[in-house]
Amino acid sequence: MEVDTLRRNLLRWYRVHRRALPWRENPTPYRVWISEIMLQQTQAKTVIPYYGRFLERFPDVESLAEASERDVLELWSGLGYYSRARNLHRAAKRITEEHREFPGDLPTILALPGIGRYTAGAICSLAFNQVQPVVDGNVRRVITRLEGIQNGPPEELFWCRMSAWIPAKKPSAFNQAVMELGAMVCLPSHPLCSRCPVEELCKARKLGIQEKIPAARMKRAAQQTQVAILIIEVKRRILLTSHLKPAIVPGEWGLPCSRILRGESSIEAAEAQCRRVLGRNLPLLPCAKISHSITHHRITAYGFFWSGNLQTVRLRETDGYRWATPRECGRLLTSSLFHKALMECRKTVPG
Ligand code: SF4
């Protein structure tokens with residue numbers, strides 16, 4: 001590999017073609033960190049509005065550390081993978097308690113909750129302009145094609161290549177250039193080789209195998225799950241619980257729900273859940289059937305509605321229950337599964 005040509009061409013291309021993304025303006029460690037965590041498993045166009053709102057509400061690590069976990073999760077609502085938000089919050093607390101400012105060395109950053117090798121490298125490189133390589137899916141694909149690698153190489157090979165290629169001058173721009181090339185030109189199924197600044201160096205292009213490598217990874221088979229959801233309404237308030245089962249549904253608050261066991265019907269599961277929560281049977285009305293995906297789970301959810309008075313039932317927040325107005329439901333429910341259930345229910349049971 002002609003490393004000087006690779007660096008020169010990539011840096012020149014990046015200067016002209018890079019996307020204007022909000023986290024690229026004023027790349028402080030905090031801003032880079034938030035963006036990198038949000039961008040895990042999530043596309044840039046989805047992240048942009050969340051990033052803006054998050055930075056407006058928590059402009060620095062201190063404001064994030066002082067916030068309640070509930071406030072952080074609320075702003076994360078809809079982005080999914082909620083452990084990312086919890087870890088951000090924990091890490092912000094750790095930074096304010098143990099360091100005077102955002103740490104600037106790789107081992108200390110790596111020790112923070114929710115930060116792995118990629119994110120630590122990205123913070124060091126993008127925010128502190130340190131000569132630290134970063135390897136994500138885009139970088140792996142670009143390296144695989146540039147080098148014409150036809151078997152699945154060990155992960156370490158990608159880190160070695162980036163370590164060897166990253167220049168002492170402009171390490172941040174170089175890392176971003178490789179990632180941007182993977183995101184915009186060296187696309188997974190149809191790479192746009194005629195627009196590529198390093199086409200002349202690319203072995204896969206020379207061999208005509210750029211669309212064949214890297215081989216697509218076998219997708220993990222989706223797990224089918226069925227759940228019964230209770231929508232219990234008293235005086236226009238809906239019952240929420242923090243005892244969320246099954247655990248695959250994320251968020252602090254949710255509608256009472258339970259997995260439908262083998263051989264059990266949806267109404268039997270809903271009635272059993274009703275007895276567990278309220279200690280009695282209620283005449284439940286089927287009101288929704290929703291398909292929803294969470295990571296590799298395909299969920300079919302059956303909603304059951306009941307509205308009336310429950311004078312003798314006491315459900316307290318300290319026991320993990322609360323009655324929420326529709327507005328509070330919008331704020332507290334972080335899984336879109338529950339929002340879909342409420343919406344379907346409103347259509348079936350108007351008023
Ligand atoms: Fe990717 Fe094509 Fe560029 Fe090679 S020439 S790096 S396959 S876009």
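Counting starts at 1 for both ligands and their atoms, in listed order. What you see is a predicted model, and the numbers here were worked out from it, not measured in a lab.
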For this session: Could you pull out all residues at least two apart from W306 that satisfy ring pair (Phe, Tyr, Trp, His ring centres under 6.0 Å)?
Result: none

Exercise. Is R161 positioned over the aromatic face of F158, cation under 6.0 angstrom from the ring centre and no more than 45 degrees off axis?
Worked result: no

Problem set entry | Point-to-point distance, once rounded to the nearest 0.5 Å, from NE2 of H89 to CG of N87 | 11.5 Å

Problem set entry | atom 1 (Fe) of ligand 1: protein N, O or S atoms that are less than 2.8 Å away, sorted by chain | C186 SG

Please list every donor-acceptor pair under 3.5 Å in which a side-chain atom of residues 197-215 meets a protein atom from a residue at least two apart or in another chain.
from	atom 1	to	atom 2	distance (Å)
E199	OE2	R205	NE	2.9
E199	OE2	R205	NH2	3.0
K206	NZ	E200	O	3.2
E211	OE1	H190	ND1	3.2

For this session: List in chain and number order the residues that pass salt bridge (Lys or Arg N to Asp or Glu O under 4.0 Å) with E268, two or more places apart in sequence or in another chain; answer none if no residue qualifies.
Result: none

Exercise. With a 4.0 Å cut-off, would you call R117 and E156 a salt bridge?
Worked result: yes

